Amino acid sequence: MAVPSLATVVADRLTAAMRHAAPDVDPPDPQVRESDHADLQANGLIGLARRLGRPPREVAGEVVAALAARKAGGPLAGCEVAGPGFVNLTVADDALRHQMAARLADERLGVGEPERGLTTVIDYSAPNVAKPMHVGHLRSTVIGDALARVLSHLGGTVVAQNHIGDWGTQFGMLIQHLHEHPHTGNHGIEQLVELYRAANATFDTDDAFAERSRQRVVALQAGDPETVAVWRELVAESTRYFAEVYEHLDVRLTPRDTVGESLYQPHLSGLVDDLRTAGLARDSDGAVVVFPPGHVGRDGSPVPLIVRKRDGGFGYAATDLAALRHRVSTLAADRVLYVVGAPQAQHLRMVFDTATAAGWLPDHVTVAHIAFGSVLGTDGRPLKTRSGHAPGLSDLVDEAVARARAVVADRNPDLPAEALVERARQVGVGAVKYADLSTSRGRDYTFDPDGMVSLTGNTGTYLQYAHARVRSILRRTGDEVGEASAGALLAGDGPLEPAERRLALRLDSFGDVVTEVAATSEPHRLCGYLFTLAQAYTAFYETCPVLTAPPAQRGVRLALCRLTGETLRTGLDLLGIAAPERL
RNA sequence: GCGCCCGUAGCUCAGUGGAUAGAGCAGGGGACUUCUAAUCCCAAGGUCGCAGGUUCGAAUCCUGCCGGGCGCGCCA
């Protein structure tokens, strides 16, 4: 059962008190926030005073009095006016114990399911066939996977769509090159990459080959059996590679979520006709284009969305429109999220605007570009995919895992080789994912391998370590669930230590933060929360002995440990990061 | 030129219009016979790019400027 946080309960009570103290005025948001000066502080009463045209401290005093008059059984132990009209709020120890007990008794830790009944389509990862995945794919994959986990945890239906690049003119040159230089045996990603490089080089230097490649594109589009068979082989090989990468990364995408660009090809002709019929598309120099209003280019003229090229081929805009239409009509999306790099912002806006104009986007469906920044080197220069080589995803992950293995092996000399491999993977992958998820996604991303895999400080490893310490304590009790129970919390009395209070308050906000991540599509908020939670636990760990405490206190502390452990484990899982029992 | 994003500690970054702007890393000083020291504590480090404006109150909202990144007709 959902357990509202103390902050929301207190906010509701303040709103009620404002209504009581000033019945004729619509009460503003009480703005209850965590505070350095108390457990919580409310800033919104100054706004109420403004609406009343009266001195803020006076009004705040009346609201506090109204609050005090109805506080029987409430969670507050104290509230006082401070500064220009803030209200500092202290929650009662009993209220904290009850909150913790309620969360501990609930398998969902008291987190509600506000997404129940909503379907969200998430477009993420989107690697290209016959190309290695690089850091840009990593961001989309990791962020998209985290959002999928969060929305699904909140009760929503999530439909992942891996929009892989499996169509386009480059396949003509790949297939033609394979045709002229047949490979034997299996290919593997390395061979595919080599094929891409060789085909591309020949294409650029050999005009005759380039022409044969163009013919090969025509053959592919016409469904020539031999050509299609080779194409399928290329796609299948890449799909196997993607699946390996996802599994290694603990990403939930599977081949079932793969909906390549090729699948929309049969619908593009009709789509262009529909746009024409709707009066949105028109001919321009032999191409078919849409001019969504409000998009102006270099010379002040409208920027076209090219749905069909002059040569008769369809551009990616057509594919994107077909995909969007499919997601809304067939997949019944209430919300469509595009986890795509920020440089595509204008393109996506034009696609969204065109879809809206065409009537393919009903009002109740929201569409959002979940943009993330470009990948920069440590010199601050962007790493270009085409010119230089963007760092390969596998290289980065392998390096992180190797460093993790060195540290894990150093701390656990007796760990069997097999367990070492798996734990190093969990730690290394967790470090990479956390580094990616913990900064706000809109910013450009500085690719810093050293910082990413350092395994100290504000990293995924810190969170895993805090979790492992929790587990270590609980393992030492004979019956952790029985002793570290909700009942133990409720049986506790006497004042809580400051470190216990701070930990309990952090634990209480978990559901609010997860809901916020869903609302903003910003996983870094969850990272920040989990880091402060781990810090609060560490402070508790340093100052509050658990196993050696007197029985009543021991029960309370064990219960706090267990709730912390389960909150960390759940939070890490929502980020796609493992929480091993031991580090 | 137009549009979008971004300028916060030496570096990498948090920061819901609220009180004294916070973390991590690096560098300095301390703490392991102790439930895991992958940790913790202390000190140091800032014209929040600049200038105006709105507000009781601005890193946060508005305007202008400076600096950086990205995008802007047939690649995806």
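In what follows, chains carry the letters A, B, and so on, assigned in the order in which the sequence lines appear, proteins first and then strands, with residues in each chain numbered from 1. For clarity, every value in this text was computed on a predicted model and none was experimentally measured.
When the C1' atom is used for both B:G18 and B:G57, the distance is 7 Å, rounded to whole Å. Using atom C1' as the reference point in both B:C40 and B:G46, the two lie 26 Å apart (nearest Å).
Across B:A14, B:G18, B:A76, the shortest atom-to-atom separation from the side chain of A:Arg443 is found for B:A14. Of the candidates B:C13, B:G24, B:C56, B:C13 carries the atom nearest the A:Thr439 side chain, counting heavy atoms from C-beta on. The side chain of A:Ile306 has B:G73 as its nearest neighbour among B:G73, B:U39, B:C35.
Residue-level contact check: A:Arg310 touches the bases, meaning some heavy atom is under 4.0 Å from a base atom. Residue A:His295 is classed as having no contact, given no heavy-atom separation below 4.0 Å to the nucleic acid. Residue contacts shown for A:Asp320 are absent, as no nucleic acid heavy atom lies under 4.0 Å away. Across all strands, A:Val303 comes closer than 4.0 Å only to sugar-phosphate atoms, never to a base (heavy-atom distances). A:Pro304 comes within 4.0 angstrom of a nucleotide base, judged by non-hydrogen atoms across all strands.
Between the base of B:G24 and the side chain of A:Thr456 there is no donor-acceptor pair shorter than 3.5 Å. No donor-acceptor contact under 3.5 Å links the side chain of A:Asp166 to the base of B:A76. For a distance-only test at 3.5 Å, the side chain of A:Gln170 fails to qualify as a donor-acceptor partner of the base of B:A76.
Heavy-atom distances to RNA chain B give each of A:Gly528 and A:Cys544 a nearest nucleotide, and the one nearer the 5′ end belongs to A:Gly528. Between A:Val407 and A:Glu522, the residue anchored nearer the 5' end of RNA chain B, judged by the nucleotide with its closest heavy atom, is A:Glu522.
With a cut-off of 3.5 Å on both pairing distances, the Watson-Crick or G-U wobble partner of B:U39 is B:A31. Pairing for B:G67 is with B:C6, a Watson-Crick or G-U wobble pair whose two hydrogen-bonding atom distances lie under 3.5 Å.
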